[in-house]
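Just so you know, ligand 1 is whichever comes first in the structure, and atom 1 is the first atom listed for that ligand. Computation of the quantities below employed the complete heavy-atom set of this structure, encompassing side-chain atoms and omitting hydrogens, waters and symmetry-equivalent molecules. When a residue number appears, it is its place in the shown sequence, counting from 1.
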Amino acid sequence: MRTFISILTLLITIISAVASKSTVDTSQWLGRNIYFILIDRFAGGDAGCQNGMEWCNGNIRSVTEQIPYIKKMGFDAVWITPVVEQVEWRDNWNGTGYHGYWAKDFNKIDPHFGTPNDLMELSQTLKDNNMLFMLDVVANHVGPIHSLEDVANLADGINSVTGEQFHQLAHFEDVEFEEYLKDPYTMMEAGDKCWPNYEFGEGCDENVILEGWFGDLGDLNHEHEEMAGYLLKWIRNMQKTYDIDGFRLDTALYIPKAFLEKFQEEARVYITGEVVTYNETLHSSFQGPALTGLLNFPVTEFVKPAFSIGGSANFVDFAARLENQKLIYEDVTLLTNFVDNHDGDRFLTNHTVGQLKNALVWSNMWHGIPSFYYGTEVPAVAEATDCRTSQWDAESGEFLDGSETEIGELVTKLNGLRTEFGLTFGGEKAASLGSVVAADEEGWMAFERAGLMVVVSNEGAEKACFKSDCCPGEELLGLEGEDSVGVQCDRDNVCVELGGGIPLVFSMESC
Ligand SMILES: *[C@@H]1O[C@H](CO)[C@@H](O)[C@H](O)[C@H]1NC(C)=O
Ligand SMILES: *[C@@H]1O[C@H](CO)[C@@H](O)[C@H](O)[C@H]1NC(C)=O
Ligand SMILES: *[C@@H]1O[C@H](CO)[C@@H](O)[C@H](O)[C@H]1NC(C)=O
């Protein structure tokens, strides 16, 4: 009897362990197109405040009000920057926590952004519109901490002044936690020593990556059971409370994979991780057992250079990387592709609008989940040197509607085509892979996906000639200048005139 009971107990344990390890259902993300919002800068904030490091008071309720605007352009998912309560830090160098990445209390909503109820309403509004809700979260660190008092001011559960909840890389025997806090970054700026390629050795090894601090941001100790428990309980609670469909996980590269695996399990939904490296081997190792999705940083190494004239890389490099990704990632359809984000100069600061169109045609028509950074559709925002400038008029505070600008109309059209050809959520070909047909150093690339032939360029090439079994049919984007585009098919040789560099999307009826 006893043996029977213990066998039974064992069986139950095994069954529940297997059940709790159930794979996360990511299917509802397939074919989605994300509109990415920096809450403090998108809508509803203070007139006059449009850049810099101060709080501008854009807020969650104003995001909710703009859902029809976002939907009208054809987006079906919204990613917002972190909402948790921020430390009240302010200095001339790093500014304030307006961006949301400096947590003080993971379980509170920062009043600058709004209330828990505002967040519920946003979640419900998205649901009512058949759109998905992606929340940005940080689990690697809290905000700046410089003293034991700063630590004590953090929320219960992460405010122990004894220091064991924080990593202390290169901590000397005779140094107290209090001393350490004054200067945690001199020896161990993970970013500085390892950027950009994580070439291990010479000051950069895995330990530096995992336990080093990002400047003065208190690096959480994921090996500390209580600390890990706090974060796991929190993410489960956030997902449940606000019915969140997906998370974007900040600074995921600096978190041990064993913890990420548990975090992904507790989140129960798609997570796209921020693993900032161009090293594809390192990057791809985060998808699978650790996270379900990743922001596609390795490709960004070539996006800006390829879509420019005389850049440090060209379409041959870009195409090679795109193709190689299919071989090394567990699932390339769950990679999040982007042209712009909140951590680098916007594309238009050193490219033309035409080049931007080409880059957007790539990110929207290639496989993966495209993410479109707020304001890319508004010239005054997209051309600003501050990549986090507000999407409201500096003087009046009025929201700048970009749905009918050149770029607004382009993305609307692309989303329409995506739907028409079954590439969006629920579409027959949402999981189909793109395939490079040809790429040329002169500055163009042709690829096929789901019965479409796409030709993008850097505006520098006059003609794209390549071998293909299919002759391009009707051109579907119909951008201005398209009438000057000519296509010649001679057996398996195709030549497409690029009409000054406009991106082209052809049907491939005539194979
Ligand atoms: C890229 O990452 C892999 C896996 O972590 C590592 O073995 C390799 O050394 C890295 N490459 C470079 C150039 O550092
Ligand atoms: C904040 O500013 C200090 C210099 O005042 C710098 O050393 C530190 O790295 C900065 N923190 C971050 C997160 O950038
Ligand atoms: C544009 O600037 C980015 C940095 O923001 C750089 O990586 C890229 O090479 C530049 N491209 C051109 C064409 O100058």
Side-chain angles (χ1 to χ4, degrees), residues 38 51 190-212 251-261 273-291 294-318 320-321 324-325 327-330 335 337-360 362-363 371 373 375-376 381-389 441-445 456-461 501:
L38 187 80
N51 46 46
D192 273 12
K193 293 229 168 93
C194 298
W195 181 261
N197 244 336
Y198 294 93
E199 291 189 24
F200 298 129
E202 284 193 59
C204 175
D205 60 27
E206 205 168 6
N207 205 35
V208 172
I209 292 179
L210 296 177
E211 296 185 20
T251 42
L253 173 55
Y254 318 109
I255 302 177
K257 292 202 183 89
F259 177 82
L260 289 177
E261 202 176 318
E274 185 206 25
V275 174
V276 185
T277 173
Y278 299 148
N279 179 336
E280 291 179 289
T281 314
L282 179 60
H283 189 261
S284 60
S285 72
F286 281 79
Q287 193 188 34
L291 302 173
L294 293 170
L295 284 148
N296 199 349
F297 281 95
V299 152
T300 63
E301 181 177 13
F302 299 136
V303 173
K304 282 177 175 165
F307 287 92
S308 70
I309 294 170
S312 55
N314 60 43
F315 279 104
V316 176
D317 306 307
F318 183 54
R321 182 145 290 182
N324 194 47
Q325 291 200 320
L327 307 176
I328 64 174
Y329 285 83
E330 184 174 275
L335 294 181
N337 293 320
F338 60 96
V339 173
D340 270 333
N341 76 358
H342 55 330
D343 284 327
D345 293 337
R346 288 193 186 248
F347 191 84
L348 282 187
T349 57
N350 61 6
H351 291 81
T352 65
V353 174
Q355 289 166 341
L356 176 60
K357 287 183 186 169
N358 278 278
L360 289 171
W362 160 70
S363 65
S371 160
Y373 187 38
T376 304
V381 180
E383 287 163 7
T385 48
D386 178 353
C387 70
R388 301 173 175 183
T389 202
E441 285 174 12
E442 289 303 304
W444 57 266
M445 175 174 85
V456 290
S457 78
N458 63 358
E459 287 192 316

(request) With the side chain counted from C-beta on, respond yes when Tyr373 and Arg388 share a heavy-atom pair under 4.5 Å apart, and no when they do not. (result) yes

(message) Going by the rule ring pair (Phe, Tyr, Trp, His ring centres under 6.0 Å), which residues pair with Phe307 if we only count those two or more places apart in sequence or in a different chain?
(response) Phe315, Phe318

(message) Within the 4.0 Å heavy-atom shell around Ser308, which atoms of ligand 3 are there?
(response) 13 (C)

(message) Holding to side chain to side chain contact (heavy atoms under 4.5 Å, CB included), I want the full list of residues that pass it with Lys304, two or more places apart in sequence or in another chain.
(response) Asp340, Phe347, His351

(request) State the atoms of ligand 3, each with its element, that fall below the 4.0 Å cut-off from a heavy-atom position in Asp345. (result) 5 (O)

(request) Determine, stepwise, if the pair Phe338 / Phe297 fulfils ring-ring contact (aromatic ring centres under 6.0 Å, His included). (result) CA-CA 9 Å; Phe338 60 96; Phe297 281 95; 5.2 Å; yes

(message) Counting neighbours of CD on Glu442 that are heavy atoms of other residues, nucleotides or ligands and sit closer than 6.0 Å, is the number greater than 12?
(response) no

(request) Please identify each residue that fulfils ring pair (Phe, Tyr, Trp, His ring centres under 6.0 Å) with Phe302, with sequence neighbours left out. (result) none

(message) Below 3.5 Å, N or O to N or O, backbone or side chain included: is there any such pair between Asn350 and ligand 3?
(response) yes

Would you mind writing out a table of all protein N or O atoms found under 3.5 Å from any N or O atom of ligand 1, naming both atoms and giving the distance to 0.1 Å?
unit_1: ligand 1; atom_1: 2 (O); unit_2: Asn279; atom_2: OD1; d: 3.2
unit_1: ligand 1; atom_1: 2 (O); unit_2: Asn279; atom_2: ND2; d: 2.4
unit_1: ligand 1; atom_1: 11 (N); unit_2: Asn279; atom_2: ND2; d: 2.8
unit_1: ligand 1; atom_1: 14 (O); unit_2: Tyr198; atom_2: O; d: 3.0

(message) When you measure from the side chain of Gln287 to the backbone of Tyr329, do you find a donor-acceptor pair of N or O atoms at a distance under 3.5 Å?
(response) no

